[in-house]
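Just so we're clear, the structure is a prediction, and the values are computed from it rather than from any experiment.
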Amino acid sequence: MTRLILVLGDQLTPSVAALRAARPGDTIVMAEVMAEGTYVPHHPQKIALILSAMRHFADALRAAGQAVAYSRLDDPDNTQSIPGELIRRAAETGASEVIATAPGDWRLRQALADCPLP
């Protein structure tokens, strides 16, 4: 059974709990979404650095043999929210479960709790 492993932009380390729980056949989901870059003001350089770090980390995961579903900010199919991207990737892969390390942001924690995927 395929599971989705969510990795957020502030969790870019192989030792994050969600990645440690990954097993063969799982798909790692990473998403650049407008909702995360605009809910509070951020300096444009900070946003650029986070997106660059995310892209490099995704490349490193792929190089290590992991399946990564990465949504770029300019992807026309990008739903622009983390729950929306999880639902989209679940539909693509047939996954019915998400493994995630708890986000540090309460707003995002609530959005994940409200997501219809367990």
Side-chain angles (χ1 to χ4, degrees):
M1 166 175 62
T2 298
R3 302 177 310 167
L4 300 179
I5 308 295
L6 177 63
V7 176
L8 300 170
D10 61 352
Q11 299 176 343
L12 306 179
T13 176
S15 63
V16 72
L19 283 176
R20 287 194 324 256
R23 48 186 197 219
D26 289 344
T27 299
I28 298 166
V29 175
M30 298 178 69
E32 303 172 6
V33 296
M34 193 61 70
E36 295 308 306
T38 59
Y39 73 97
V40 295
H42 290 84
H43 194 284
Q45 288 177 338
K46 178 180 179 178
I47 293 171
L49 288 171
I50 290 170
L51 298 182
S52 176
M54 287 176 65
R55 293 173 185 182
H56 282 90
F57 191 68
D59 289 344
L61 291 171
R62 286 187 192 105
Q66 300 281 351
V68 179
Y70 191 94
S71 302
R72 292 177 65 111
L73 195 58
D74 59 357
D75 176 351
D77 295 325
N78 189 330
T79 64
Q80 300 303 331
S81 77
I82 297 295
E85 286 305 287
L86 289 171
I87 292 166
R88 176 168 81 114
R89 298 307 186 172
E92 290 174 359
T93 63
S96 59
E97 181 182 6
V98 177
I99 305 299
T101 299
D105 180 85
W106 288 103
R107 176 194 51 82
L108 186 52
R109 280 185 188 211
Q110 188 60 52
L112 291 174
D114 293 342
C115 184
L117 296 166

Q) Can you list the residues that meet the side chain to side chain contact (heavy atoms under 4.5 Å, CB included) rule with Thr13, with sequence neighbours excluded? A) Ser15, Val16
Q: Look only at the side chain of Glu32 and the backbone of Tyr70, and say whether a donor-acceptor pair between them is shorter than 3.5 Å.
A: no
Q: Measure from the side-chain N and O atoms of Glu85 to the backbone N and O of Thr79, and report whether any donor-acceptor pair falls under 3.5 Å.
A: yes
Atom [atom1] of [X] and atom [atom2] of [Y]: how far apart are they, to the nearest 0.5 Å?
| X | Y | atom1 | atom2 | result |
| --- | --- | --- | --- | --- |
| Leu8 | Asp105 | CG | CG | 9.5 Å |
| Arg109 | Asp114 | CZ | CG | 14.0 Å |
| Ser81 | Met34 | OG | CE | 12.5 Å |
| Thr27 | Leu6 | OG1 | CG | 12.5 Å |
| Leu4 | Leu86 | CG | CG | 6.0 Å |
| Asp26 | Ile5 | CG | CD1 | 4.0 Å |

Minimum side-chain heavy-atom gap [X]-[Y] below 4.5 Å:
| X | Y | answer |
| --- | --- | --- |
| Ile87 | Pro116 | yes |
| Val29 | Val98 | no |
| Arg88 | Asp77 | yes |
| Met30 | Leu61 | yes |

Atom of [X], atom of [Y] and distance for their closest heavy-atom approach:
| X | Y | result |
| --- | --- | --- |
| Ile82 | Ala31 | CD1-O, 4.1 Å |
| Ser71 | Asn78 | CB-ND2, 4.0 Å |
| Ala21 | Ile99 | CB-CG2, 4.0 Å |
| Ala111 | Pro83 | O-CG, 3.7 Å |
| Ala90 | Leu117 | CB-CD1, 3.8 Å |

Q: Salt-bridge test for Arg72 and Asp75: reply yes if a basic N is under 4.0 Å from a carboxylate O, no otherwise.
A: no
Q) Do Leu49 and Met54 share a hydrophobic cluster (ILVMFWY, side-chain heavy atoms under 4.5 Å, transitive)? A) no
Q.
Side chains of Gln11 and Thr101 only: does a donor on one sit below 3.5 Å from an acceptor on the other?
A. no
